[in-house]
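Reading through the structure tokens given below for one structure.
Heavy-atom basis, side chains included; hydrogens, waters and symmetry copies ignored.
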Amino acid sequence: MANLIEKAKHEIKEIIENAAAKAQAENALPAGEMQKFVVEVPSDTTHGDFASNVAMANAKTFRLPPRKIAEVIVQNFNLENTYFEKAEIAGPGFINFFLKDSWFSDVIKSACEEGADYGKSDFGNGKKVMVEFVSANPTGPMHMGNARGGAIGDVLAEAMNWAGYKVQREFYINDAGNQIAKFGISLEARYLQIYKGDEIEFPEDGYHGDDIKERAQGFADIHGDKFVNVSEEERRKALVDYALPLNIAKLKTDLSAYRIEFDEWFPESTLHASGAVMAVVDLMREKGYAYEKDGAVWYAATKFGAEKDEVLVRANGFPTYFAADIAYHYNKFAIRGFDKCIDVWGADHHGHVARLKGALNATGVDGNNLDIVLMQLVNLIQDGVPVKMSKRSGKAIQLADLIEEIPIDAARFFFTMREANSTLDFDLDLAVEESSKNPVYYVQYAHARICSILNNLKAEGINTDNISQVDSKLLTTPEEKELIRIIAAMPDEIISVAKTYDTAALPHYVMDVATAFHKFYGACKVRTEDEKLMNARIALCNAARNVIKNILTMLKVSAPEKM
């Protein structure tokens, strides 16, 4: 797929390197190995479409003032058969490059011809990447953190897919350990209260949500008081076996409604049942990074820079959650062969990052191949004040509550608009407002406007699909040039997300495309008497429409043709 910005940058590097080599061969520059230099798109393109700092970067190599180096290099440029018509020197020695019309024409042509594939690349070379996100505790409903993490993880996975990685989305089901034991105790108390009332005291550290009461009542509706007089172990197991699958099914239903489909739902319990947790503990012991003390098995975390060692297996023989977490991530790399694994966690887990990476190193897996995206809290705002209560439960706002209140398009767009490591203020009023103040409405309106323009032209019998004869030399206004430059940036924007994991770049980029299109439309008539100019502008409209639709598709936000 075409990445015209990268292609132009590559050409510039070749132009510069060939010119420098020629100058050195003719003794215009002293011998010496060229140092790395930067080619970038400047924020202000009035003085050039691309710029390079090669002269400053090589001042020591060539032992000359940067301005003089730039002059010599530019004198030796050969711009034939390239995208560039000229180069100029600016300031202390920056070299600015100016594009030919052919580059702008190729951008439009690529965006139109590639259509739904425009923006894709092979940057990732097919490497296997897992993005694990949400992984909500199955003992209760999902909250706002899960909603934000879901959108971020899903969009990140999609961006990496577009960037040429082989991506798997995974949900880790915490269906073992202390939280399941607490789940069973909580269900038991609510179940017994149905038959024994206040005689049964609810545990203070139990799960107090109404969902626990609902599950206990559902169990009672089926089984009656059959489990009142059996052993605690039998009663709790029966309750968990009934409620847990229902909770997991609810997670899947809510996430599907939120447009998230996971490739794999991985139960923690399978690690314990298969012996994988203890196998990893034994592996760490064999490598000298685990030892026994006071009847427990400890991880020698201090050997990897930690302040203290940590328990892997308690004295009672039960492994800790940390041991299961190590086994799970070992499974990702060593068993299933992922090249890179990315976890989206709440910021309160920041202290766990280094310890897990170190523990992976202790198993022989390179902990550097695990990356963690830490996500800050969400503040819901309505009428200018924070919303603290759920209409349904009187407690924390749930994902299901949110998607009943606002469009899913708005939810997914808003949750990805801020960097994960920034607290997000989610304005519920703005999310439902149908005006240009609402970012998702603003972008969707741009797409609908383009569709309307093209449909109106089609109604007049004008062909809006033929872009083979587009003459981009006619697109000379600043608004046209700027829109084309922004369209050209799409592949690079996606690659940047795949590199940095900053999904906020995508909604901001598509807002920039929408803004550039609105400016173009305000300054340039598409329907003109000049047929060649009209065809060029029609092609530009098609290109902009494809970019907006593709980004919205990545965000799993609809791209309406009418509004």
Side-chain angles (χ1 to χ4, degrees), residues 134-143 145-147 150 170-258 260-262 264-277 316 318-319 321 324-325 328 390 392-401 403-404:
V134 181
S135 295
N137 193 327
T139 58
M142 286 176 290
H143 51 68
N146 302 136
E170 184 151 302
F171 188 114
Y172 183 51
I173 308 171
N174 300 126
D175 61 344
N178 289 336
Q179 74 274 13
I180 297 300
K182 187 190 293 187
F183 186 48
I185 291 169
S186 304
L187 288 166
E188 177 186 46
R190 294 305 188 198
Y191 171 68
L192 292 176
Q193 283 177 347
I194 294 171
Y195 298 101
K196 297 187 177 183
D198 294 339
E199 175 187 338
I200 303 300
E201 186 176 346
F202 191 82
E204 189 175 331
D205 64 343
Y207 295 123
H208 290 258
D210 289 342
D211 56 293
I212 297 293
K213 293 179 181 178
E214 291 170 9
R215 292 287 180 246
Q217 185 61 59
F219 181 83
D221 291 343
I222 296 171
H223 299 286
D225 62 358
K226 175 182 175 182
F227 287 89
V228 170
N229 296 314
V230 301
S231 67
E232 284 184 352
E233 183 180 358
E234 183 180 350
R235 182 166 50 243
R236 291 173 186 175
K237 182 181 185 303
L239 281 157
V240 170
D241 287 348
Y242 162 78
L244 192 60
L246 293 176
N247 279 12
I248 292 170
K250 181 68 162 58
L251 292 176
K252 291 181 178 181
T253 300
D254 287 348
L255 287 165
S256 182
Y258 194 43
I260 296 176
E261 300 292 341
F262 286 93
E264 184 72 30
W265 290 73
F266 191 104
E268 178 190 346
S269 57
T270 61
L271 294 170
H272 296 279
S274 67
V277 178
N316 62 8
F318 290 104
Y321 180 81
D325 210 17
Y328 173 49
S390 164
R392 175 177 298 153
S393 65
K395 298 189 182 296
I397 297 284
Q398 299 174 14
L399 170 61
D401 294 318
I403 59 180
E404 284 182 4

Taking all atoms of both residues into account, what is the closest heavy-atom pair of [X] and [Y], and its distance?
X: Q193; Y: I200; answer: NE2-O, 3.0 Å
X: A220; Y: I194; answer: CB-CD1, 3.8 Å
X: V228; Y: Y195; answer: CG2-CD1, 3.7 Å
X: I212; Y: T139; answer: CD1-O, 4.0 Å
X: I403; Y: D254; answer: CD1-O, 4.4 Å
X: E268; Y: N174; answer: OE1-CA, 3.6 Å

State whether the side chain of [X] and the backbone N or O of [Y] hold a donor-acceptor pair below 3.5 Å, judged by distance alone.
X: D175; Y: S269; value: yes
X: Y191; Y: F227; value: yes
X: T253; Y: A249; value: yes

Exercise. Around atom CG of D198, are there more than 12 heavy atoms of other residues, nucleotides or ligands at under 6.0 Å?
Worked result: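 Open: at most 12 neighbouring heavy atoms sit under 6.0 Å from CG of D198.
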For this session: Check the pair F219 / L246 against side-chain contact (heavy atoms from CB on, under 4.5 Å), numbers first and verdict last.
Result: CA-CA 11 Å; F219 181 83; L246 293 176; over 6 Å; no
Does the side chain of [X] reach to within under 4.5 Å of the side chain of [Y], using non-hydrogen atoms?
X: F262; Y: L255; answer: yes
X: N178; Y: K182; answer: no
X: R236; Y: I185; answer: yes
X: H272; Y: P319; answer: yes

For this session: Could you list the residues that satisfy side-chain contact (heavy atoms from CB on, under 4.5 Å) with A147, not counting sequence neighbours?
Result: M144, Y258, L399, F415
Exercise. Mind checking what makes side-chain contact (heavy atoms from CB on, under 4.5 Å) contact with K237, not counting sequence neighbours?
Worked result: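 For K237, the residues satisfying side-chain contact (heavy atoms from CB on, under 4.5 Å) (neighbours in sequence not counted) are D241.
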Reported [atom1]-to-[atom2] distance for the pair [X] and [Y], which is rounded to 0.5 angstrom:
X: R235; Y: H223; atom1: CZ; atom2: NE2; result: 13.5 Å
X: L251; Y: S135; atom1: CG; atom2: OG; result: 10.0 Å
X: E170; Y: E264; atom1: CD; atom2: CD; result: 5.5 Å
X: M142; Y: N247; atom1: CE; atom2: CG; result: 10.5 Å
X: N137; Y: I173; atom1: CG; atom2: CD1; result: 11.5 Å

Problem set entry | Step-by-step side-chain contact (heavy atoms from CB on, under 4.5 Å) determination, Q179 to Y207 | CA-CA 9 Å; Q179 74 274 13; Y207 295 123; 3.3 Å; yes
Exercise. Would you call D211-R215 a salt bridge at under 4.0 Å N-O?
Worked result: no
Exercise. In terms of ring plane angle, is the pair W265 and F171 parallel, tilted or perpendicular, where the classes change at 30° and 60°?
Worked result: parallel
Problem set entry | Verdict with reasoning, F183 to L239, per side-chain contact (heavy atoms from CB on, under 4.5 Å) | CA-CA 9 Å; F183 186 48; L239 281 157; over 6 Å; no
